[in-house]
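Right, one structure below, let's go through it.
Computed from a predicted structure; not experimentally measured. Values below: all heavy atoms of this structure, side chains included; hydrogens, waters and symmetry mates excluded. Letters A, B, ... mirror the listed sequences (proteins, then strands); counts begin at 1.
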Amino acid sequence: MSVENAEVAAIFSEMADLLEIEGANPFRVRAYRNAAQMVRRKPQRFADLVKENADLEALPTIGEDLAEKIAEIVATGHMSALDDLKREVPSELVDLAALPGLGPKRVKVLYDQLGVRGLKDLRRVVESGEIGTLRGFGPKLTESLAVALRDTPSKAEKRFLLADVEGEADTLADYLREAPGVESVTIAGSFRRRRETVGDLDVLVVAEDGEAVSAHFVAFEKVAKTLWAGTTKVSVVLRSGLQVDLRVVPRESFGAALLYFTGSKAHTIALRNMAVERKWKLNEYGLFSGDDRIAGKSEDEIYGKFGLELIPPELREDRGEIAAARKGTLPNLIHQSDIRGDLHAHTDWSDGTATLEQMAEAAQERGYAYLAITDHSPHLGVVHGLDAERLTKQIVEIDRINKRLDGFTLLKAVEVDILKDGTLDLPDDILERLDIVVASIHSAFDLPRDAQTERMLRAIDHPLVTVIGHPTGRRIGKRGPYAIDMERVIGAAAKAGCCLEINSQPDRLDLDDGTIKAAKDAGVKLVISTDAHGTEMLELIRHGVDQARRGWVEARDVVNTRPLADLWKLLKR
DNA sequence: GCCGTTTTCGGCCCGACTGTTTTCAGTCG
């Protein structure tokens with residue numbers, strides 16, 4: 001039995017959902033939710049921690065009881081407390097509570113008084129009108145449930161790639177700036193924290209007249225549906241399916257509102273708890289001592305009252321950033337301008353669209369000092385991979401082009417496939433002639449975890465491999481990472497001096513933020529690359545930089561922030 | 001169920017909006 005952290009987290013989450021419907025102490029519910037979140041993003045596997053007899057109670061959100069429950073789940077794959085609860089509360093009720101207008105309390109009433117156990121039952125009592133006999137269920141709610149039941153094939157928490165909503169967000173912000181009396185428009189939420197996906201857009205508008213802004217907003221041509229509209233708070237769904245929540249705030253509250261709507265929820269709750277400790281109150285209007293507003297105009301001012309440095313939005317996940325801000329040890333996060341070159345790019349020699357010269361020119365125009373040409377190796381037939389012979393020709397061609405270039409260098413490189421057994425798809429004698437060897441997995445994603453890990457470790461230990469490309473193979477929203485022990489991969493990479501790539505493709509962003517931080521902490525050298533297949537894709541580097549910032553990365557942690565002369569030294573192993 | 005500059009009990013973030021109410025509960029973020 002090998003239990004993944006995600007399974008432990010799912011059990012805790014379900015426990016929280018069912019306890020909530022049962023009407024349990026809300027703080028007990030929250031304890032399970034907090035624990036689920038902590039477990040989900042812990043890089044080490046709890047299965048391993050239990051095996052090593054680690055002190056689970058030392059972890060935040062875990063006390064005596066939950067430590068025992070984790071041990072039970074790791075040992076059996078089940079949590080008996082949940083199994084027991086499921087006998088009393090049908091787990092399908094959780095789906096009901098996800099419907100708009102229904103929460104745990106109303107679901108409980110439906111179950112207790114009308115025996116509603118699932119969507120089918122709900123449809124029955126809505127259609128028969130029986131639901132209207134319950135206290136608290138009036139005609140409006142009945143109607144909105146009827147609509148929800150018609151509309152759903154569960155549009156449940158669809159998330160959008162950050163890169164996919166940027167255009168729409170810009171258009172919307174520009175439109176809102178035209179509303180009467182608007183001083184500023186800022187997109188907060190996970191968008192501002194630069195999360196890889198966003199569930200909705202949180203838009204903050206500074207204006208005196210909320211009503212005018214609200215009216216202007218709901219008239220936006222891309223609004224498909226208005227969910228609710230007040231004078232300071234409006235929520236709509238755009239035609240793309242993206243939900244947008246808008247809040248209008250006065251100027252003197254801007255900092256507090258920005259802090260609140262940027263989140264994350266865990267981060268703002270941690271700050272509010274700090275306020276409570278000081279007998280203050282923090283809300284979206286300001287930081288208050290009694291009735292006195294003691295801060296609120298800017299985020300900087302509020303953090304300052306707590307004795308904290310300003311925490312960059314990318315770090316606001318309650319992963320230790322508050323303690324670091326107190327000690328003055330926040331990282332000096334990397335900027336896009338720190339990047340001196342790109343170490344993963346394709347040309348029309350394999351599956352790219354641009355020539356060597358075009359790619360070189362585009363990179364040079366970006367102000368880069370170097371660009372590594374990493375066309376594919378032969379194993380993947382569909383991409384016209386280069387065999388040793390064609391790669392030799394490309395080396396000659398790159399040498400020829402480099403002679404003409406001034407202050408810029410094309411690096412001779414390859415993206416070589418890591419075969420199923422961990423060997424490489426090209427012989428050593430050709431790899432030796434290259435400046436950089438990026439090794440990646442493009443096949444056999446379904447190997448068992450141990451085999452996949454061994455395969456990767458073998459590539460990392462190959463002395464000619466400089467970088468592991470998109471190390472987990474995930475495609476966000478399409479496929480998860482292959483089963484692999486990233487802790488061992490990180491350890492091996494640190495020991496071997498092999499770099500790990502942060503791939504900037506918006507649907508890869510591989511490594512993810514948590515793994516990036518773990519790699520950085522282990523002393524792994526990182527590379528931020530675009531995997532560009534055309535000149536226009538070199539621009540995607542900003543997404544990789546955003547992801548790196550979420551992983552607490554500084555410029556010095558990233559190899560391709562160095563000038564070429566230093567790059568050589570760093571890549572040597 | 002966790003946690004402690006309020007330490008082993010008694011707290012636990014805060015407010016807007018809606019619908020169904022006649023003073024407020026539930027939901028949502």
Mind checking whether D202(A) and F191(A) have side chains closer than 4.5 Å, heavy atoms only? no
Of all the choices, dC2(B), dA16(B), dC13(B), which nucleotide is nearest to the side chain of T232(A) once you look at every atom? dA16(B)
Rounding to an integer number of Å, can you tell me how far K233(A) NZ sits from dT18(B) C1'? 11 Å
Among dC13(B), dC17(B), dG1(B), the one nearest any side-chain atom of R30(A) is dC13(B)
Which nucleotide in dG1(B), dC12(B), dA16(B) has an atom nearest any side-chain atom of N273(A): dC12(B)
With a 3.5 Å cut-off and just heavy-atom distances, do the side chain of N34(A) and the base of dG1(B) make a donor-acceptor pair? no
Check the distance between dG1(B)'s C1' and Q37(A)'s CD and give it to me in whole angstrom. 16 Å
Can you check the R247(A) CZ to dC28(B) P distance for me, whole Å? 16 Å
If you look only at distance, which donor and acceptor atoms sit under 3.5 Å apart when one is on a side chain in residues 54-74 of chain A and the other is two or more places apart or in another chain?
unit_1 : atom_1 : unit_2 : atom_2 : d
D55(A) : OD1    : E57(A) : N      : 3.3
D65(A) : OD1    : K69(A) : NZ     : 3.2
D65(A) : OD2    : K69(A) : NZ     : 2.7
K69(A) : NZ     : Y32(A) : OH     : 3.3
E72(A) : OE2    : S80(A) : N      : 2.8
E72(A) : OE2    : S80(A) : OG     : 3.0

Determine whether R549(A) and D546(A) satisfy the following criterion, salt bridge (Lys or Arg N to Asp or Glu O under 4.0 Å), listing intermediate values before the conclusion. CA-CA 5 Å; R549(A) 288 170 62 88; D546(A) 283 343; 5.1 Å; no
Using a distance-only test with no angle check, is there a side-chain donor-acceptor pair under 3.5 angstrom linking E7(A) and N5(A)? no
Between dG1(B) and dT8(B), how far is it from one C1' atom to the other, in whole Å? 14 Å
I want to confirm an ordering. Mapping W228(A) and L102(A) to their closest nucleotides on DNA chain B, which one lands closer to the 5' end? W228(A)
Please check if any side-chain donor atom of T262(A) sits under 3.5 Å from a side-chain acceptor atom of R192(A), or the reverse. yes
R28(A) CZ - dC3(B) C1' separation (whole Å): 17 Å
Taking atom C1' of dC17(B) as reference, at what distance in whole Å does atom CG of L227(A) sit? 12 Å
Do Y260(A) side-chain and dG29(B) base share a donor-acceptor contact under 3.5 Å? yes
In whole angstroms, how far is the P atom of dG29(B) from the CD atom of Q243(A)? 6 Å
Show me the donor-acceptor pairs, under 3.5 Å and distance only, between side chains in residues 19-29 of chain A and residues at least two apart or in other chains.
unit_1 : atom_1 : unit_2 : atom_2 : d
E20(A) : OE1    : R33(A) : NH2    : 3.2
N25(A) : OD1    : F27(A) : N      : 2.8

Quick one: which of dT27(B), dC14(B), dG1(B) gets closest to the side chain of P104(A)? dT27(B)
Under 3.5 Å, side chain of S253(A) to main-chain N/O of A256(A), donor-acceptor pair present? no
From CD1 of I187(A) across to P of dG29(B) the rounded distance in Å is 18 Å
Tell me what L282(A) touches on the nucleic acid: a base, only sugar-phosphate, or nothing, going by heavy atoms under 4.0 Å. sugar-phosphate
Within residues 283-295 of chain A, those residues having any heavy atom closer than 4.0 Å to DNA chain B are N283(A), E284(A), Y285(A)
Of the listed dC13(B), dC12(B), dG19(B), the closest approach to the I269(A) side chain comes from dC13(B)
Any carboxylate oxygen within less than 4.0 angstrom of a Lys/Arg side-chain nitrogen, looking at R316(A) and E321(A)? no
For T61(A) and for K105(A), find the nucleotide of DNA chain B with the closest heavy atom, then tell me which residue's nucleotide is more 5'. T61(A)
Distance check needed: dT18(B) C1' versus L145(A) CG, whole Å only. 13 Å
Describe the nucleic acid contact of A229(A) in one word from base, sugar-phosphate, nothing, applying a heavy-atom distance below 4.0 Å. sugar-phosphate
